[in-house]
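Everything quoted here is computed from the prediction, not taken from an experiment. Each chain gets a letter, A, B and so on, in the order the sequences are listed, and its residues count up from 1.
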Number of protein chains: 2
Amino acid sequence: MSTAQEDLTGRARLRDAAIEAFAAQGFDESLRAIAARAEVSAGLVRHHFGSKEALRAECDATVLERYRRLKEESLQAEPKQVFNQLPGSREGGVLLLYILRSAREGSPAGRQFTEQLIEEALVLLDQAVSRGLIVPSRDEPARARFLILQSLGALVLYFALNPPQDPEDFTTVMQDYYAHVALPTLELFTEGLFADPGYLNEYLASGAAGIPPAGPAGDTVSR
Amino acid sequence: MSTAQEDLTGRARLRDAAIEAFAAQGFDESLRAIAARAEVSAGLVRHHFGSKEALRAECDATVLERYRRLKEESLQAEPKQVFNQLPGSREGGVLLLYILRSAREGSPAGRQFTEQLIEEALVLLDQAVSRGLIVPSRDEPARARFLILQSLGALVLYFALNPPQDPEDFTTVMQDYYAHVALPTLELFTEGLFADPGYLNEYLASGAAGIPPAGPAGDTVSR
DNA sequence: TAGGAGACTACTCCGGTGTATAGCCATTGG
DNA sequence: CCAATGGCTATACACCGGAGTAGTCTCCTA
């Protein structure tokens, strides 16, 4: 990772400090606090970035790009596995926290990230279906969207309700999370929930299924 | 609802205005903005509540209590159905928004609300299992926790990513949400996802299932 | 009818925030 | 050697937030 060499230019140090501060403390962290974390003066933010908003934008882009890189490095790309090993390194943990916070705030970065996850999930699901590992759906894109919304949402909520007291040990929270959801997830995915297909058949018979929800199909989460 | 009579005492008007303001604009809404919404002076907040924090606490309690009342009024108490009809009235919509925001922030109110939902879900699931409607789980409390975390988390995330442009039409967003998730939910619940039980069996054989996650069992979401 | 309590407002105060300006200092290129 | 560019700091500014103070008005009561 890039923090290996410790003496970066002030601009890079500010950017990295901002990412860490945003991840640990939220996006309301003050410029002065960020500058202090980077051990530079507050005015330098303006000098290099012009405004806090611009700094935030650069952080967003950097995080997204680093996440992409980390994901490609670990070649097995199933989202859950990525998330699972993401917080293994310190950088990965910061990235994860930053991303979850972005999603939680509904920022453009969060939206973009979610969209990306959904696309990847759709590809993976299609592959798994064609290999016979996963049962087909009547609406594959809707299922991909749904599954990401559920799993990402659960993670976001879990982190909101159980914030790591020490902003460093996201790893612990992450492990707790998986320890909690592993069994129910596997049960639900292999055995379902309903004992009989009545509800689904009712819904299908009602005709609501034929109507694609609304809006131009394919965007992140409707709207 | 209590806003039926329009001339309430300043205290009550402030409380209700704060609830609406928090729901629509977030908990960072300023005291002055809240006072303006209630058409009173800002100082009155201090006079009646002492501090913004205390006002917030009273709003939390009021919302929780009103939600409870609304839920009991509509006797069919399955969580999803409650959520579905909650935004039917204006008050219900405000309440829902307030609650989702609380959960998203991880505030005590959000935590309490989530906990409450999990307990209710556990009861309902147990009933449904004993009536043969739902397949049993190897760990019912974990499943209840998991299902609420997933569904509530998805809703929170959906609202974060698709905020209603007009803070009033949560109804539209809500309908969009259900239109999107209805089919995938029913499919997943009746047909599952995995074509064969290999993953689950692997997990069970690994022995991880026997170890209840961690910490004193039964709290909201671990920890 | 006088007194007092409480609802309510206008105004002040203080701290924190993002933004802006002016200048220092080192490195560099002519 | 010297000027100029750019990284960087110190300081100031304008603004807005919650909190605090003093005083007015109104209504109830003794």
- Task: Check the side chains of B:Asn162 and B:Tyr177 for a donor-acceptor pair under 3.5 angstrom, ignoring hydrogens and angles.
- Result: no
- Item | d(CZ, B:Phe49; P, D:dA19) in whole Å | 13 Å
- Is B:Val40 touching bases, backbone alone, or none of the nucleic acid, heavy atoms closer than 4.0 Å? sugar-phosphate
- Whole-Å distance separating the CZ atom of B:Arg46 from the C1' atom of C:dT12: 13 Å
- Answer with base, sugar-phosphate or nothing: what part of the nucleic acid does A:Leu44 contact at a heavy-atom distance below 4.0 Å? base
- Phosphate OP1/OP2 of C:dG6: any B:His48 side-chain N/O under 4.0 Å: no
- Message: Set out, in order, the CA-CA distance, both residues' side-chain angles and the distance that settles side-chain contact (heavy atoms from CB on, under 4.5 Å) for B:Leu95 and B:Glu91, then state yes or no.
- Response: CA-CA 6 Å; B:Leu95 255 48; B:Glu91 184 190 16; 4.2 Å; yes
- Rounded to whole Å, the NE2-P distance (B:His47 to C:dT9) equals 10 Å
- Item | Value in whole Å for how far the C1' atom of D:dA19 lies from CD of B:Glu53 | 13 Å
- Message: With nearest nucleotide decided by heavy atoms, which residue, B:Arg11 or B:Arg32, maps closer to the 5′ end of DNA chain C?
- Response: B:Arg11
- Query: What class does the angle between the rings of A:Tyr67 and A:Phe113 fall in, given that below 30° is parallel, 30 to 60° is tilted and above 60° is perpendicular?
  - Reply: perpendicular
- Atom CG of A:Leu14 to atom P of D:dC8: distance rounded to whole Å? 8 Å
- Whole-Å distance separating the CG atom of A:Asp28 from the P atom of D:dC16: 17 Å
- Would you mind telling me which of C:dG18, D:dT9, D:dA19 lies closest to the side-chain atoms of B:Leu31? D:dA19
- Expressed in angstrom and rounded to an integer, what is the separation of B:Glu39 atom CD from C:dC8 atom P? 13 Å
- Query: Under 30°, 30 to 60°, or over 60°: which ring-plane class applies to B:Phe27 and B:Phe22, parallel, tilted or perpendicular?
  - Reply: tilted
